[in-house]
Colleague: 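Handing you this structure, nothing more for now.
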Amino acid sequence: DNAIENLEKAQEQLKVYRQAVLKYAFEGKLMKDSTCFKNVEMGLACEAAQNINKSVNPEEHFLYIDIGCIDNSVNRIVSYKEYLWKNAPSRAKQVIKSGDVLFATVRTYLKNIAMVPVEYDGQIGSTGFCVIRPKKDILDSKYIFHYVLWDKFINTISTFQTGTSYPAVRDDDIFSQTIPLPDLPVQKKIVEEIESRFSVCDKLEESINENLQKAEALRQSILKQAFEGKLTEQWRRKHKDLISGGNSAEALLQKIKVEKETLNNKPKGKKTGD
């Protein structure tokens, strides 16, 4: 239990460290050389995503990415759904491209955010995402991906949520936010610095997860041995005479009685001075 508690604390510390890295990165403190940041409205640095053509072939199939396809613990697309257009969900409308950042607009604090890899280029995303498509000549995809994962950005955008059952923000709420924007080569260098530090975190997290699994396996092994009688096997061999048969209590009393009589029958030594 103590081992698991310490490992879980280490996991939380890694999350804090990741956020510290992002804070330093976007405040211009991660680079050794002085970097000029200018705050730019995100909408000015991004392109609009396109919706599907209404004349699409109903028998044509496509890959569909919705919020459930994202693993928010690693912020990656980990699965997809496949449909014919005639069976398409009503939310299957946005054409996504490699390098887009998908930002779930419902419950933004859950961070259902991921970058679109090349294998999903030209496929379809849910309207539950704000598709952040950077202008390649001024904004690096990975730079803005890390920026929208920063707690400061999440906390700010979460204040725009409306609704109770499904609190959500609008695309305009996201694109109206500002982003600190240095020149493109500097952005790429900052991304390298972030990912270098995050790769160390990833290795540590992998080790922690392995040890958590081992700890849980050990716990189950202890329980298995306990209820199979193996945990007390050595003790039971040592006290076999006390626990054998159905009269263990009587056997113990008889043994005590015999030992008491033996002690009483021993000749007592003479006291000094007799």
Side-chain angles (χ1 to χ4, degrees), residues 18-51 65 67 69-70 72 74-77 93-105 108-109 111-160 168-199:
R18 287 177 189 272
Q19 286 300 315
V21 170
L22 295 178
K23 181 178 186 293
Y24 270 70
F26 298 114
E27 288 181 352
K29 299 174 183 176
L30 200 59
M31 304 288 290
K32 289 183 179 179
D33 55 332
S34 176
T35 305
C36 180
F37 283 79
K38 55 184 177 180
N39 287 323
V40 176
E41 192 174 294
M42 281 175 56
L44 298 176
C46 296
E47 300 175 0
Q50 298 84 33
N51 285 345
I65 307 299
I67 293 173
C69 298
I70 291 180
N72 63 0
V74 292
N75 296 109
R76 293 194 193 104
I77 298 172
K93 292 181 180 178
Q94 300 194 93
V95 179
I96 56 178
K97 294 183 178 180
S98 173
D100 287 351
V101 176
L102 304 182
F103 187 101
T105 54
T108 54
Y109 53 85
K111 294 187 178 180
N112 286 303
I113 302 166
M115 188 182 300
V116 177
V118 66
E119 58 263 35
Y120 297 115
D121 186 60
Q123 299 305 316
I124 306 299
S126 167
T127 54
F129 293 119
C130 173
V131 178
I132 302 172
R133 181 170 298 160
K135 293 179 180 178
K136 301 297 184 185
D137 57 335
I138 59 172
L139 180 57
D140 182 77
S141 292
K142 289 184 178 180
Y143 183 85
I144 196 165
F145 168 67
H146 289 300
Y147 180 71
V148 297
L149 283 170
W150 185 21
D151 279 351
K152 183 178 179 180
F153 177 82
I154 295 294
N155 293 338
T156 300
I157 202 67
S158 293
T159 63
F160 291 87
V169 298
R170 302 170 304 163
D171 287 10
D172 287 347
D173 295 326
I174 293 170
F175 289 124
S176 65
Q177 302 305 307
T178 58
I179 180 171
L181 207 63
D183 293 337
L184 198 57
V186 177
Q187 292 176 42
K188 293 181 181 297
K189 181 63 178 174
I190 289 172
V191 168
E192 287 178 13
E193 294 291 333
I194 291 171
E195 295 188 342
S196 172
R197 287 161 174 78
F198 279 11
S199 67

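What you are looking at is a predicted structure, and each value in this text was computed from that prediction instead of being measured. Positions are given from 1, in the same order as the sequence printed here. The basis for the numbers below is simple: all heavy atoms, side chains too, and nothing from hydrogens, waters or symmetry mates.
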Colleague: Around atom NZ of K38, are there more than 12 heavy atoms from other residues, nucleotides or ligands closer than 6.0 Å?
Modeller: no
Colleague: Between D173 and R170, does any NZ, NE, NH1 or NH2 come within less than 4.0 Å of an OD or OE carboxylate oxygen?
Modeller: yes
Colleague: Any sub-3.5 Å donor-acceptor pair from T105's side-chain atoms to A168's backbone N or O?
Modeller: no
Colleague: Would you say the side-chain atoms of Q94 pair up with the backbone N or O of F129, donor to acceptor, closer than 3.5 Å?
Modeller: yes
Colleague: Identify the residue among I65, D100, V131 that makes a side chain to side chain contact (heavy atoms under 4.5 Å, CB included) with V116.
Modeller: D100
Colleague: Any donor-acceptor pair under 3.5 Å linking the side chain of K152 with the backbone of K23?
Modeller: no
Colleague: Hey, can you tell me if Y147 and F153 have their rings parallel, tilted or perpendicular (30° and 60° cut-offs)?
Modeller: tilted
Colleague: Taking the side chain from Q50 and the backbone from A48, do they hold a donor-acceptor pair closer than 3.5 Å?
Modeller: yes
Colleague: Between K189 and E193, does any NZ, NE, NH1 or NH2 come within less than 4.0 Å of an OD or OE carboxylate oxygen?
Modeller: yes
Colleague: Using side-chain heavy atoms (C-beta onward) and a distance below 4.5 Å, is V148 in contact with I132?
Modeller: yes
Colleague: I need the minimum non-hydrogen distance between C46 and L139, along with the two atoms involved.
Modeller: SG-CD2, 4.1 Å
Colleague: Which heavy-atom pair separates P134 from S141 by the least distance, and what is that distance?
Modeller: CG-OG, 3.4 Å
Colleague: Grab the two heavy atoms, one from Q177 and one from T156, that are nearest each other, plus how far apart they are.
Modeller: OE1-CG2, 3.4 Å
Colleague: Shortest non-hydrogen contact from P182 to I190?
Modeller: CG-CD1, 4.2 Å
Colleague: Do S126 and K93 meet the criterion of a side-chain donor-acceptor pair at a distance under 3.5 Å?
Modeller: no
Colleague: Is there a side-chain contact between I144 and I179, using heavy atoms and a 4.5 Å cut-off?
Modeller: yes
Colleague: Using a 4.5 Å cut-off on heavy atoms from C-beta on, say whether the side chain of I174 contacts that of I157.
Modeller: yes
Colleague: F103 and F145: aromatic ring centres closer than 6.0 Å?
Modeller: no
Colleague: Just how far is it from atom CD of E27 to atom CG of L22, taken to the nearest 0.5 Å?
Modeller: 11.0 Å
Colleague: Would you call R18 and D151 a salt bridge, using N to O less than 4.0 angstrom?
Modeller: no
Colleague: Can you find a heavy atom in the side chain of I124 that is under 4.5 Å from one in the side chain of V95?
Modeller: yes
Colleague: Run the numbers on D171 and F175 for side chain to side chain contact (heavy atoms under 4.5 Å, CB included), then give the verdict.
Modeller: CA-CA 6 Å; D171 287 10; F175 289 124; 4.2 Å; yes
Colleague: Could you measure the distance from the SG atom of C69 to the CZ atom of R76? Nearest 0.5 Å is fine.
Modeller: 15.5 Å
Colleague: Using modelled atom types and a 3.5 Å cut-off, is there a donor and acceptor pairing between side-chain atoms of Q187 and backbone atoms of D140?
Modeller: yes
Colleague: Could you tell me whether the side chain of M42 reaches within less than 4.5 Å of the side chain of T178, counting heavy atoms only?
Modeller: no
Colleague: Kindly give the heavy-atom pair with the smallest separation between I77 and M115, and that separation in Å.
Modeller: CD1-O, 4.1 Å
Colleague: Are F198 and H146 an aromatic pair, judged by ring center distance below 6.0 Å?
Modeller: yes
Colleague: Report yes or no: does N75 contribute a side-chain atom to a donor-acceptor pair with the main-chain N or O of N112 at less than 3.5 Å?
Modeller: no
Colleague: Roughly how far, to the nearest 0.5 Å, is CD1 of I194 from OH of Y24?
Modeller: 14.0 Å
Colleague: Identify the heavy atoms of P180 and F26 that sit nearest to each other, and give their distance.
Modeller: CG-O, 3.5 Å
Colleague: Rounded to the nearest 0.5 Å, how far apart are CD1 of I113 and CG of N72?
Modeller: 9.0 Å
Colleague: Taking K97 first and then D121, would you say they form a salt bridge - that is, a charged N and a carboxylate O separated by under 4.0 Å?
Modeller: no
Colleague: Holding to side-chain contact (heavy atoms from CB on, under 4.5 Å), I want the full list of residues that pass it with E41, two or more places apart in sequence or in another chain.
Modeller: L44
